[in-house]
Amino acid sequence: MPTEVLTTISPSTNKPVLTRDGISDSDVALLPAIATQAFNSFRLTSLEERQGIVRRALKLINDNQDVLAKELTEQMGRPIAYTAKEITTAVARGEYLLKISGDALKDTEGEPENGFKRYIRKAPIGPVLILFAWNYPYLILVNSLIPALLAGNSVILKPSPQTPTIVERIHDFFSQAGLLNKVIQCFHCGSMTRLESIARSPQIKLICFTGSVAGGLQVQRAAADRVVPVGLELGGKDPAYIRDDVDVKWAAEEIVDGAVFNSGQSCCSIERVYVAENVHDELISAIQDVLKGYKLGDPFDRSTNVGPVVSKRSAQTIYAHIQDALEKGAKDSTPENQSFTSPPLGGNYVKPTLLTNVTHDMDVMNDETFGPVIPVMRVGDDEEAIRLMNDSEFGLTASIWTKDAAKGEELAEQVEAGTVFVNRCDFPSPDLAWTGWKNSGKGVTLSKFGFEQFVKLKSFHIKDYPK
């Protein structure tokens, strides 16, 4: 198979901004062997050495946040006013994982008994293949890369062709921080055949994938003929329920931000809104007021808070969901906003869209939209809201908005999702497990549990020599 040339298309202009050579078949075949050789050396380093490397690399990432932010805006279209925040958040997340790594990776003692020594050690699993998405590339990568390295593993990184510079930057920063040669390898690839080839390698001991359900299933199938763990962080259709006791203006601000930030391109953005019937109209009016203050436009303009979506194909999917809803009786309740009707020419600009009178017969309430769309549905009571929230193949996050936090917690217990929020949304906290239920994935990142997929347990049972 000939080597690919991968072109990154600007979401803002639909013009090429970068090209990269894809990996060849022969180089794909070499990656696992090189990773294994690097692992056999790196695993012998102490945790303290690895912590020092990670600490220095995180400082380099933070020190270069302005350059990295500009690259993110250029490659994936998020407004420049917000991209530096991804870098600082990724660093903070990495620092938290660094802080807890000693406890997360320490031995577990067995029951005390005279003449015996027993303990369980967490040994590094081996070369790890990390395949990650474009929408929050630094945040997504930190989730797997930092615990993988702290545990003593080598890693092979494959970014989305939309954001190719991320792995190059990360490789350089960790090299400057003193990481052994080839412990991190990176490659560019758009061929599923080549990805399947490396996933099948017996020298790859763990696969971490972040992306679509379809992509995750392809990777899982490729690895299915051998015993290897596959961590999948996939899509979401995350619901929010607004109870009738909330401050409506406050809730509207939060809901719009949770649905529209990053142009709705987040697996944990709000994609379905259920509102108590007696505050429905008031909330719709408040959401309209919020949207009037938003600006859709050039992501390099610091006054812009909604940029383009990532591709023409993505825009087509979003418009198809909106059209399906309108044809089935929904109403476009988006307020007038000059920036929504006159975005810059040439880019993939989709206006934030408020849909009312929606039902679960519509694609926009079932399939992942991954765009700046706010579909709102009336509900009669808590029971109906919970039933509708759980009526989904996805289960990543969900949020409940109420003055009664105890009641919100009680209702959250009934929601089928890996993370449930009360009076907050769209915030993976590093001290909590990040995990999907149902088709939103399997495996865990973040928290102390986020280290577990990167180690294998080894029990030591030592008896004193009998005299």
Side-chain angles (χ1 to χ4, degrees), residues 133 135-136 139-140 143 210-213 216 232-243 246 251-276 283 287 309 314 317-318 321-322 325 350 352-355 358-360 362-377 379 382 384-402 408-409 411-429 432-446:
N135 57 324
Y136 284 97
L139 287 175
I140 295 168
N143 289 2
T210 305
S212 68
V213 173
L232 301 176
E233 183 185 328
L234 308 177
K237 193 68 186 173
D238 298 6
Y241 170 39
I242 316 300
R243 299 185 79 230
V246 298
E253 291 274 1
E254 297 288 326
I255 294 300
V256 172
D257 181 65
V260 173
F261 188 80
N262 203 38
S263 298
Q265 298 171 125
S266 171
C267 55
C268 56
S269 66
I270 293 176
E271 291 221 355
R272 295 179 286 150
V273 182
Y274 303 99
V275 185
L283 183 75
I287 290 175
V309 297
S314 178
T317 297
I318 297 163
H321 282 196
I322 293 170
V350 177
T353 301
L354 173 62
L355 294 175
V358 298
T359 69
H360 272 225
M362 301 171 184
D363 293 342
V364 77
M365 296 297 278
N366 291 286
D367 301 335
E368 188 173 31
T369 305
F370 222 62
V373 180
I374 312 171
V376 181
M377 183 174 178
V379 293
D382 292 342
E384 182 184 13
I386 297 301
R387 177 178 59 79
L388 291 169
M389 293 173 82
N390 289 338
D391 182 22
S392 175
E393 66 176 289
F394 297 104
L396 188 58
T397 79
S399 57
I400 294 171
W401 305 79
T402 176
E409 185 175 2
L411 294 173
E413 179 68 33
Q414 303 172 45
V415 176
E416 298 167 354
T419 297
V420 286
F421 300 97
V422 176
N423 299 326
R424 193 175 196 177
C425 65
D426 193 20
F427 186 85
S429 186
L432 299 178
W434 188 247
T435 185
W437 287 23
K438 299 189 277 191
N439 280 354
S440 287
K442 63 177 183 176
V444 176
T445 57
L446 302 182

Report summary line: Residues S269 and A259: closest non-hydrogen pair is CB-O, 4.5 Å

Query raised in the report: Can you list the residues that meet the ring-ring contact (aromatic ring centres under 6.0 Å, His included) rule with Y274, with sequence neighbours excluded?
Result: H360

Query raised in the report: Does anything in residues 253-263 pair up under side chain to side chain donor-acceptor pair (under 3.5 Å), and if so which pairs, sequence neighbours excluded?
Result: R78-N262

Report task. Please name the residue in the list L354, V358, L355 that meets the side chain to side chain contact (heavy atoms under 4.5 Å, CB included) test with I374. Result -> L354

Query raised in the report: Got a second to check how far L388's CG is from M365's CE, nearest 0.5 Å?
Result: 7.5 Å

Requested in this report: State, yes or no, whether a side-chain contact exists between V415 and N390 at a heavy-atom distance under 4.5 Å.
Outcome: yes

Query raised in the report: About how many Å separate CD1 of I255 and CD1 of I287, when rounded to the nearest 0.5 Å?
Result: 7.0 Å

Report summary line: All heavy atoms of D367 vs all of E271, minimum pair found to be O-OE1, 4.0 Å

**Report entry** With sequence neighbours excluded, residues passing side-chain contact (heavy atoms from CB on, under 4.5 Å) with S314
**Finding:** Q265, V309, V310, S311, I318

**Report entry** CD (E393) with more than 12 external heavy atoms under 6.0 Å
**Finding:** yes

Query raised in the report: Any side-chain heavy atom of T419 sitting closer than 4.5 Å to one from C268?
Result: no

Query raised in the report: Do L234 and N439 have side-chain heavy atoms sitting under 4.5 Å apart?
Result: no

Query raised in the report: How would you list, by chain and number, every residue that makes a side-chain hydrogen bond (donor to acceptor under 3.5 Å, both in side chains) with E233, sequence neighbours excluded?
Result: W434

**Report entry** Distance (rounded to the nearest 0.5 Å) between R272 CZ and N366 CG
**Finding:** 8.0 Å

Query raised in the report: Which pair of non-hydrogen atoms, one from S440 and one from G235, has the smallest distance, and what is that distance?
Result: OG-O, 2.7 Å

Query raised in the report: Partners of K438 by salt bridge (charged side-chain N to carboxylate O under 4.0 Å, His left out), sequence neighbours excluded?
Result: E416

Query raised in the report: Does any non-hydrogen side-chain atom of I140 lie less than 4.5 Å from one of N135?
Result: yes

**Report entry** Partner set under side-chain hydrogen bond (donor to acceptor under 3.5 Å, both in side chains) for S429, not counting sequence neighbours
**Finding:** D431

Report task. Could I get the full list of ring-ring contact (aromatic ring centres under 6.0 Å, His included) partners for F261, not counting sequence neighbours? Result -> Y82

Report task. Report the residues that fulfil side-chain hydrogen bond (donor to acceptor under 3.5 Å, both in side chains) with E384, sequence neighbours left out, ordered by chain and then residue number. Result -> none

Query - Set of side-chain hydrogen bond (donor to acceptor under 3.5 Å, both in side chains) partners for T369, sequence neighbours left out - result: K237, H321

Query - From Y136 atom OH to T210 atom OG1, the distance as rounded to the nearest 0.5 Å - result: 14.0 Å

Show me the side-chain donor-acceptor pairs of residues 394-402 shorter than 3.5 Å, one per line, residues at least two apart or across chains.
| residue | atom | partner | partner atom | Å |
| --- | --- | --- | --- | --- |
| T397 | OG1 | D238 | OD2 | 2.5 |
| S399 | OG | W401 | NE1 | 2.9 |
| T402 | OG1 | R243 | NH1 | 3.0 |
| T402 | OG1 | D245 | OD1 | 3.1 |
| T402 | OG1 | D245 | OD2 | 2.7 |
| T402 | OG1 | D404 | N | 3.1 |

Query raised in the report: Quick one: side-chain contact (heavy atoms from CB on, under 4.5 Å) partners of A385, sequence neighbours excluded?
Result: Y241, V379

Report task. Report yes if some heavy atom in the side chain of D426 is under 4.5 Å from a heavy atom in the side chain of S266; otherwise report no. Result -> yes

Query raised in the report: Rounded to the nearest 0.5 Å, what separation is found between the OG1 atom of T435 and the CH2 atom of W437?
Result: 9.0 Å

